[in-house]
Amino acid sequence: MNYPHQISTLEQYDIAYKTSIESPEAFWDSIARNFSWRKKWEKVLDWNFIEPKIEWFRGGKLNITENCLDRHLLSNANTPALLWESNDPEEHHRVLTYKELHFKVSQFANVLINNGVLKGDRVCIYMGMVPELAIAVLACARIGAVHSVIFGGFSAQSIADRLIDAHATFVITCDGAFRGNKAIALKEVIDDALVACPFVKRTIVLTRTRQPVSMIKGRDVWWEDEIRKVETHGNPECKAVEMDAEDPLFILYTSGSTGKPKGVVHSCAGYMVWANYTFINVFNYHPGEVHFCTADIGWITGHSYIVYGPLSAGGTSLMFEGVPTFPDAGRFWDIVDKFKVNILYTAPTAIRSLMSFGLKPLEGKDLSSLRVLGTVGEPINEEAWHWYSDNIGKGNCPIVDTWWQTETGGVMISNMAGVTPGIPSLATLPLPGILPVLLDENGVEITTQEASGNLCIKKPWPGMLRTTYGDHERCRTNYFVMYPNFYFTGDGATRDMNGNYRITGRVDDVLNVSGHRIGTAEVENAINMHVGVIESAVVGFPHDIKGQGIYAYVIYSEGTHELSLVRQDVLKTVTRLIGAIAKPDVIQFVTGLPKTRSGKIMRRILRKIAEGETQNLGDTSTLLDPTVVDEILKGKEV
Ligand code: WTA
């Protein structure tokens, strides 16, 4: 056994699961003891799902970075904590041992202090995938500032919305970010965002691409200059700030069924315990192994399985700056070969995309170091699962299909590598501590073993969200009202006779495009901002690579521009307001939308049409004007 709380056999899983459900407090008490605390907790758990109030390890004091860094220094100082592979295969890779990472985090934490960042301040981080991104995240945590990382693909408007919502007074960014053959001008996007955010006091800018940037006196400073300042002060040591178990650690914005993204708030202690426990157990991590999670730190997967999970376990986490297809579709396999990667954790969309290049990119690549494969973010289709298993795992690697969400902090339902069996396209069994239930449309729990329904969680787990930033009521209405006394995931699922879960996808108005969550209402709001647009309706449709594509039906007023141009303008508008990730794949101009007599858009019909259905559109008799459906069908591009 490598970690005291690591599960190695099916029997151990059964026992752990049973104990975790029957005596959760005793179960998590014994696990939390394996961390480093300044002061032990007084009560393991206090909760209700009505307010909701969720408190884990009440009274406990700690700092997550002491668990991710300091405590490894005695025996693991020279173990690589972070490995970094550049976008450019010719650029030398970087290795940061625990000692070096501890030093750099302390140093940058001092930079933050020098720049006036205080415990509790919100710090927005908008950077490319460079080691300094992980350093910035950890430096915030070290001094108790609440980090809010924003994915590099979001637009200035999206950033401004988030900065305003979080009232973030500090920003950490880069001049630019390398991605494939592009250099993305991150600082320029920040500059545009800050026009709407005069409350931002300081922007710290790391040099990466060396593209020209504007630097505003009194607001913008260079990362490197600030480091030099703290260097000359001698001692780089920055003592970690003592945090309460329930103090917020970070905010991460995610899409829901309303037009406005919500700031999911995670706590210091519960999140740490959950990220660590799930990392060790889902991947069956052995000390010394190289863990390669291909996600961006801008998403929850990067937070939990590049930064906090692996580092809290004293593991070696590999960070990759680039994209899977640059300079060619063999890049992931080059990286696996070069760093002798043991665990590869990626998204089904990446697998499907790489599949489309055939087996040539695999030639000459030694993948024999791989022991465990994982997927996350969306359901994996059987074809992709088999391709991954046969060609990447060579039939020898278990694949963990991990179901979870930004709100859950870590994996919830998944097989555990080498411990519980995997089944193609099924997330399988809940992890210890997780009590999933399926509810029917009336909110009644389905108690038969084989079932299909809306997936809810009945009991709290340490890594669950605590609130949505600045608006607790929103958290309540989003997750705890539809099914009182349950946490509602927004996903549908089926359960087989052995208790294995298959996630069937979102049951709300949220799309999952290339594993990214996008609210249809958000895209509609953006489209409707275009001058000529009267109304729009956005639905998802099956997409070979992305899993789901975005299909927009748009009512456009007569104008002077030809529609092909308008289409481009609408796309540009969405890119400006949200980011390129939310751009519709298809825009169909229509003269009307199918609405009920009460004015509600019947998305069910639009979804069917987007899927290519022409005949069985279901009951259209309740429509205000059934002829619009024929119009839409006639106008559909084939
Ligand atoms: C979906 C990503 C099927 C699901 C960690 C969920 C999945 C949403 C899986 C959360 C999976 C995630 N199988 N569907 N293994 N993993 N999902 O917040 O719809 O970006 O609600 O978190 O992705 O997306 P989020």
Side-chain angles (χ1 to χ4, degrees), residues 149-151 153-154 250-257 261-266 271 274-275 278-279 282-283 293-306 308-309 345-352 373-382 384-385 388 399-416 422-431 434 436 454-457 463-465 468 478-479 487-495 500-520 522 540 546-548 581-582:
V149 186
I150 301 179
F151 174 63
F154 281 111
F250 65 84
I251 305 171
L252 192 56
Y253 283 85
T254 190
S255 295
S257 42
K262 42 195 178 218
V264 169
V265 177
H266 282 288
Y271 172 81
W274 189 240
T278 53
F279 172 71
V282 170
F283 302 103
C293 166
T294 70
D296 191 288
I297 293 180
W299 307 112
I300 189 70
T301 307
H303 281 61
S304 301
Y305 301 112
I306 296 178
Y308 290 115
Y345 189 34
T346 193
T349 189
I351 299 167
R352 287 190 298 264
L373 303 176
T375 71
V376 57
E378 46 174 327
I380 179 161
N381 48 314
E382 288 207 26
W385 193 99
Y388 198 31
I399 297 180
V400 289
D401 178 350
T402 65
W403 173 81
W404 59 295
Q405 310 178 297
T406 304
E407 294 85 346
T408 70
V411 178
M412 300 285 281
I413 303 182
S414 172
N415 51 313
M416 293 174 19
I423 308 168
S425 85
L426 265 73
T428 74
L429 297 173
L431 296 191
I434 304 306
N454 291 333
L455 179 62
C456 290
I457 313 290
M464 76 184 295
L465 86 163
T468 46
N478 256 293
Y479 306 105
Y487 163 79
F488 177 42
T489 65
D491 280 316
T494 61
R495 182 172 56 215
N500 291 303
Y501 287 84
R502 177 201 294 272
I503 311 300
T504 47
R506 301 289 303 196
V507 293
D508 54 8
D509 290 325
V510 173
L511 306 180
N512 193 327
V513 180
S514 300
H516 300 154
R517 260 166 82 168
I518 298 171
T520 53
E522 248 178 288
K546 299 180 179 182
Q548 249 184 332
I581 55 172

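Every number for a ligand or one of its atoms is a count from 1 in the order of the listing. When reading the values below, keep in mind they use all heavy atoms of this one structure, side chains included, and skip hydrogens, waters and symmetry mates. The structure displayed is predicted, hence computed values, not measured ones.
The salt bridge (Lys or Arg N to Asp or Glu O under 4.0 Å) test with Glu378 is passed by exactly one of Arg506, Arg352, Arg517: Arg352.
Listed by chain and number, the residues in a side chain to side chain contact (heavy atoms under 4.5 Å, CB included) with Gln548 are Leu511, Asn512 (sequence neighbours excluded). Listed by chain and residue number, Asp496 satisfy the side-chain hydrogen bond (donor to acceptor under 3.5 Å, both in side chains) test with Asn500 (two or more places apart in sequence, or in another chain). Remark: Tyr388 engages no residue in a ring pair (Phe, Tyr, Trp, His ring centres under 6.0 Å) (not counting sequence neighbours).
Contact shell of ligand 1 (protein heavy atoms, cutoff 4.0 Å): Ile300, Thr301, Val376, Gly377, Glu378, Pro379, Asp401, Thr402, Trp403, Trp404, Gln405, Thr406, Asp491, Ile503, Arg506, Asn512, Arg517.
Within the 6.0 Å centre-distance limit, the rings of Tyr305 and Phe283 are counted as a close aromatic pair.
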| task | Decide ring pair (Phe, Tyr, Trp, His ring centres under 6.0 Å) for Phe151 and His516; before the verdict, give the C-alpha distance in whole Å, the side-chain angles of both, and the deciding distance to 0.1 Å. | result | CA-CA 11 Å; Phe151 174 63; His516 300 154; 5.8 Å; yes
